[in-house]
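Everything numeric here is computed off the predicted structure, so don't read it as measured data.
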Amino acid sequence: MNSLKNKNIVIGVCGGIAIYKVLDAISRLRKAEANVHVIMTKDAQEFIKPLTFMTMSNNPVHLDIFDPVDERFVEHIHLAKIADAILIAPATANTIAKIANGFADNLLTATVLATKAPVILAPGMNSNMLNNPATIQNLEVLKSRSFKFLSTNSGFLACGDYGDGRMAEGIEIYNYLDEFFTKKDLAGMKVLVSAGPTIAPIDPVRYITNHSSGKMGYAIAKRAKYRGAEVVLLAGKLSIEAEGIDNVIRVDTADEMFEAAKEIYPDVDAVIMSAAVSDYKLENVYEDKMKKTGDDLSLKLIRTPDILKYLGEHKTKQILVGFAAETKDLHHYAKAKIESKNLDFIVANNVKSKDAGFGHDTNIAEIIFENGENIQLPKMQKVELADIILDNIKNLYKEID
């Protein structure tokens, strides 16, 4: 589900040092097949030449209301009409003040005044300017008119100060637009997603784990949130940041994940257990660091709780989805898992396949349903697979509802 494909994003670029971040956002938007149309203010052109934005957007750059790119159109009206959204980045204090007071003294402000499309501002300025009462008042005026905003970040500013005026990063701008345009077809659902590996401690400095990165589970959680679901991410030791997920419960061990899942389970509509949970743990964990000796070492392992089996045995209204990461006999093990754990469907993949499984951004999977039906999927990005998984959950949810 590519929410940005063929969307017309008009980006108004103002004069600020954070202008370089906009290039990263444009690159990401273009890769998502969005159409990007750039308006540059006169001050913006002092920082980066229009040629750079023309090359990145693959479209002419619009500079002056009296020097149109295409003389067939009244430029600010044309841009205002074709826009699915207008993003202003960096949104300077000056441009914010102009828009709040209805100015139309350049191509960007005239386009904003003429549009009915949503307008999103990504402020970027010195923290004193951002927190000045005049700027605060202007921002409140725009919020009252349903303008949207990306929050600024705190950190070192170009002037050398430390403050909260740093403009959002390119990836944050892209993620905001991706979420903004994603259809909220899972609104009203509460979804629990587990991700990443758990660990089995040996002593205070050593543990047993696996190669899971948590990328698949995070992709599912992220897409579920973008699609309007209330998401709880139950995360083991992720090797990635769980950015944008509001409710993240961190755990280390299988026992901790089991206890957390049991507590949350009665209140959710769907569970996607994509975590690679440790099947065994040490019978006795050493309180102090083990010292190396000249002898071999044997560790006695015992079973950890079977979280998925417990959830299947206590299922009421919930849609329950499991994962099967195998190296051979994929269908055999996946189908057995569906039956033994009372799953609605399972996502199975051979982790020995090239570009699939742990640590990769792509996966090659097969979805097998309780009734024996299956969907064989080609290699795809994990975020694409996440949407397919969520589509099938949505269909089952409608049947239950």
Side-chain angles (χ1 to χ4, degrees), residues 189-198 200 209-210 212 214 216-217 219-221 224 231-236 249 251 253-281 301-351 356-358 363 365-377 385-386 388-397 399-400:
M189 288 189 69
K190 185 171 182 178
V191 178
L192 171 63
V193 183
S194 70
T198 62
T209 190
N210 56 66
S212 175
M216 187 70 249
I220 296 168
V231 176
V232 180
L233 178 60
L234 186 51
I249 299 174
V251 297
T253 67
D255 290 316
E256 291 172 354
M257 185 169 284
F258 180 49
E259 292 303 320
K262 283 197 300 182
E263 182 177 348
I264 301 163
Y265 190 49
D267 297 324
V268 300
D269 300 298
V271 178
I272 305 103
M273 287 293 296
S274 64
V277 182
S278 302
D279 293 323
Y280 295 91
K281 63 181 179 180
L301 303 179
I302 59 174
R303 280 285 300 170
T304 57
D306 191 328
I307 302 173
L308 203 52
K309 185 174 178 63
Y310 174 89
L311 299 181
E313 290 172 347
H314 294 80
K315 184 163 67 171
T316 54
K317 61 175 183 176
Q318 297 90 348
I319 297 164
L320 188 56
V321 179
F323 273 68
E326 304 292 347
T327 59
K328 65 178 183 179
D329 298 330
L330 184 65
H331 283 82
H332 171 75
Y333 289 120
K335 289 178 179 178
K337 202 169 184 179
I338 291 176
E339 295 173 6
S340 66
K341 301 178 194 288
N342 193 22
L343 306 181
D344 290 279
F345 65 87
I346 195 165
V347 183
N349 68 295
N350 189 326
V351 294
F358 298 143
N363 211 340
E366 182 175 356
I367 297 177
I368 305 172
F369 295 90
E370 184 182 19
N371 62 9
E373 294 181 6
N374 63 59
I375 303 172
Q376 182 67 54
L377 299 168
L385 177 57
I388 292 172
I389 293 167
L390 293 169
D391 286 343
N392 283 283
I393 288 173
K394 180 185 70 174
N395 293 336
L396 290 171
Y397 183 69
E399 291 177 9
I400 295 169

Any donor-acceptor pair under 3.5 Å from T304 side chain to D279 backbone: yes
Short side-chain to backbone donor-acceptor contact, T198 and S278, under 3.5 Å: yes
Quick check: does any side chain N or O of E366 sit under 3.5 Å from a backbone N or O of N374, one acting as donor and the other as acceptor? no
Donor-acceptor contact below 3.5 Å, side chain N210 vs main chain A276: yes
Classify the ring geometry of F258 against Y310: parallel below 30°, tilted from 30° to 60°, perpendicular beyond 60°. perpendicular
So, does E256 use its side chain to make a donor-acceptor pair with the main chain of T253 at under 3.5 Å? yes
Taking side chain to side chain contact (heavy atoms under 4.5 Å, CB included) as the criterion, tell me which of V268, L311, D267 meets it with Q318. V268
Partner of I393 under side chain to side chain contact (heavy atoms under 4.5 Å, CB included), chosen from V321, V191, D344, I388: V321
First locate atom CG of L308, then atom CD1 of I338, and finally report the distance between them rounded to the nearest 0.5 Å. 10.5 Å
Quick test of your reading of the model: are K309 and E313 salt-bridged, counting only N-O distances below 4.0 Å? yes
Should we say atom CD of E263 is surrounded by more than 12 heavy atoms from elsewhere, each under 6.0 Å from it? no
Using the rule given for side chain to side chain contact (heavy atoms under 4.5 Å, CB included), can you reason through K341 versus D306, listing the C-alpha separation, both sets of side-chain angles and the distance that settles it, and then say yes or no? CA-CA 9 Å; K341 301 178 194 288; D306 191 328; 2.5 Å; yes
